[in-house]
Amino acid sequence: MKTIRFDHEKLAVYQRSLKFVTWLTEILERVPPKLSAHGQLDRASTSIPLNIAEGNRSKIKNTAAPLLIFLLILICPAMPAQDWPRWGGNDPGRNMYSPAKGLPDRFDPGKPKSGTEDIDIQTTKNVKWVANLGSQAYGNVVVAGGKVFIGTNNENPRDPQHEGDRSILLCLDEKTGEFLWQLVVPKLASGKVNDWEGLGLLSSPCVEGNRVYLVTSRCEVICLDTEGMANGNDGPFKDEAQYVVGRGKPKAKIGPHDADIIWVYNMMDELGAFPHNASNCSVLIVDDLVYACTSNGQDWSHVNIPSPNSPSFIALNKKTGEFVAEDDAHIGPHIFHGQWSSPSMGVVNGRKLVFFGGGDGYCYAFDAKPVKETDSTYLKVAWKYDCNPPERKKFKYPAAEGVSEINATPVFYKNRVYVAVGQDPEHGEGVGILTCIDATRTGDVTQTGKIWSYDKIHRSISTVSIDPDTGLLFVGDFSGFVHCFDAETGKLYWTHDMKAHMWGSTLVADGKVYCGDEDGDFVVLAARKEKQILSKMLIAGKEEDGPNLGSPVYSTPIVANGVIYVASNAHLYAIHDAARHAPSSDQPKVDVNPKGLGEKK
């Protein structure tokens, strides 16, 4: 009888097992070492190639594979979700924090190709891809289901049918940055009093399943299909050809690179809302409801409020877009200027509360469950807190020493709400205040709900980021200072001067604080009590705090699937640790019941 030698190195399954172990090493870095599953999974995975080498086919088939599958399922809840599907990522409390690890603290944005605005990827470092945007990009990035969504303007048209000023939502491929489809939003006929020229789309989309929700520059809450028109025209809305050009104009030709609209709710038509200069809200979804700010505000006179009785905050049915409820806070008559805050959510004493920063300077907590009263349905105020100190009310708005509205998003964290006040950036710099509010109170909690406050901060339109590992809170202000506090006590540890205005927010991840400014500078700081700049680099022979992206950074950096996304006005950068990600380009697909195990190739 002929003897068949067991030559394990020639087996395809052995070679794939080595790749699997390499890939699993990266996965294990995201699993807390203190979990017993960490060690068990490490040992079990290593045993696969060893058992193959020893020819223990039955042992592999009957023991290791099921154990691996079981342990992978076991540790999945402990591994952080990787997408960033809405403003604030996976946290409805909107804390600008990511649990991602292995993120770079330096990158080189590269140089444009001669005669173009395209970035030459060969001149970059730690950059996965770069996508061209328009000329202004205030909308923050979200990443979900293999797609990247970002708002911009139409300065770089992608469809010759749509020339001139438009607001644009871009959908790009997460792996390559390739353009997939776009939503084209025509300008309002009323002009810049409601829809300022060139701003583009301001809101961050919210992705849930195969639906994208956002507020357009036309003061609409809109629901889209994540696939665009590539899989046909879904939903009850069928007139995309008219929508993208505006009323009364010849219809456009719609193709696979256009957005597929599911429903539209027009807050100007339905509620009488009057947005001041711009409409903006990164909507929040809780259960079956979409919560949105209406952007109601003053007219061009900066004195008159055309729609004082219109709601400031509403809830819609996420499946149909039908109106469900409005706030009962009566904010309208007291609006200082405009309203552009986004809501957050937290569970307090078993009750879901939605938090909203009002145009009157109050932070509100609404019961997430609508309540019907007579012929109307309301979002009832659970508590409210006046964020402006009384001594500032003697100054007439928008005086630098006076009161401000809330443009930042209230952040819910450990039964507390953190929020700063600020004004329209056109009003310039002024005094601000950051407040930590007890979210467990009820009623008007202005006198009883403050845990701590800090009034040395300047006006801010930035949302805070809190590092759960250190308990440190980071926030930028419009004057360009990044502040580091103890989130529990409000103790200030340090400030960092960006030397330019800050419009976006800080992001804390992997022990680092990421932030950009109006000059286009991008800086990475250590998320520690002692200030340290991690992104220092030599540029043209001079040490700088970090790279410059060539145009303003008005948005907030985010992290999804190990990649940092940073948008300047002109480009969206996908940044990663190139050395760390190189081995994962050939990740194997693991067959839980492989065929031919032990066969010779």
Side-chain angles (χ1 to χ4, degrees), residues 85-95 139-140 142 202-209 211-216 219-224 262-268 270-271 273 275 279-297 310-332 338-348 351-360 362-372 376-384 405-412 417 419 439 463:
R86 59 188 167 191
W87 175 237
N90 293 282
D91 179 11
R94 309 287 205 184
N95 182 20
N140 298 292
V142 302
L202 302 179
S203 81
S204 299
C206 176
V207 181
E208 185 179 80
R211 295 291 181 259
V212 185
Y213 303 84
L214 65 144
V215 171
T216 74
C219 200
E220 303 159 324
V221 182
I222 194 168
C223 175
L224 311 172
I262 305 302
W263 54 256
V264 181
Y265 184 86
N266 190 309
M267 294 183 285
M268 294 183 77
E270 301 294 336
L271 304 172
S279 300
N280 176 51
C281 175
S282 299
V283 302
L284 174 74
I285 296 178
V286 180
D287 301 324
D288 287 331
L289 297 180
V290 180
Y291 298 87
C293 169
T294 65
S295 299
N296 194 37
S310 290
S312 296
F313 192 63
I314 61 170
L316 305 175
N317 183 300
K318 73 177 183 182
K319 296 178 181 178
T320 65
E322 294 175 329
F323 177 85
V324 175
E326 63 183 85
D327 71 88
D328 71 342
H330 308 292
I331 300 171
Q339 295 190 108
W340 302 290
S341 182
S342 299
S344 57
M345 191 276 288
V347 178
V348 181
R351 178 187 182 191
K352 291 180 181 178
L353 297 180
V354 178
F355 309 102
F356 172 67
D360 57 355
Y362 276 79
C363 182
Y364 291 90
F366 295 102
D367 195 313
K369 186 177 180 180
V371 175
K372 188 171 181 58
S376 301
T377 305
Y378 294 102
L379 299 170
K380 304 292 290 183
V381 174
W383 58 256
K384 63 179 183 178
E405 67 269 23
I406 298 173
N407 292 307
T409 302
V411 169
F412 176 79
V417 171
V419 68
T463 300

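Asp328 contributes atom CG, which lies 7.0 Å from atom CZ of Phe366 (distance to the nearest 0.5 angstrom). In this structure, Leu316 CG and Glu326 CD are separated by 11.5 Å, a value rounded to the nearest 0.5 Å. Distance check: Leu379 CG to Phe313 CZ gives 6.5 Å after rounding to the nearest 0.5 Å.
Heavy atoms only, all atoms of each residue included: Thr294 and Ala273 are closest at O-CB, 3.9 Å. Ile406 approaches Cys363 most closely through the heavy-atom pair CD1-N, 3.8 Å. Closest approach of Pro343 to Arg94, counting heavy atoms only: O-NE, 2.6 Å. Taking both residues in full, the closest heavy atoms of Thr216 and Ser279 are given as O-CB, 3.4 Å, listed atom of the first, atom of the second, then distance. Of all heavy-atom pairs between Asn407 and Glu405, the closest is ND2-OE2, 3.6 Å. Between Pro410 and Gly357, the shortest heavy-atom distance links the atoms CG-N, 3.8 Å.
Ring-plane geometry between Phe355 and Trp383 is classed as tilted, the angle between the planes lying from 30 to 60 degrees on a 0 to 90 degree scale.
Ser310 contributes a side-chain N or O that, together with a main-chain N or O of Leu271, makes up a donor-acceptor pair within less than 3.5 Å.
With contacts defined as side-chain heavy-atom distances shorter than 4.5 Å, the pair Val215/Asn280 does not qualify. Counting only heavy atoms from C-beta outward, the side chains of Phe356 and Ser341 approach each other to under 4.5 Å.
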Quiz prompt | Trp87 and Cys206: CA distance, side-chain angles, deciding distance, side chain to side chain contact (heavy atoms under 4.5 Å, CB included) verdict | solution = CA-CA 7 Å; Trp87 175 237; Cys206 176; over 6 Å; no
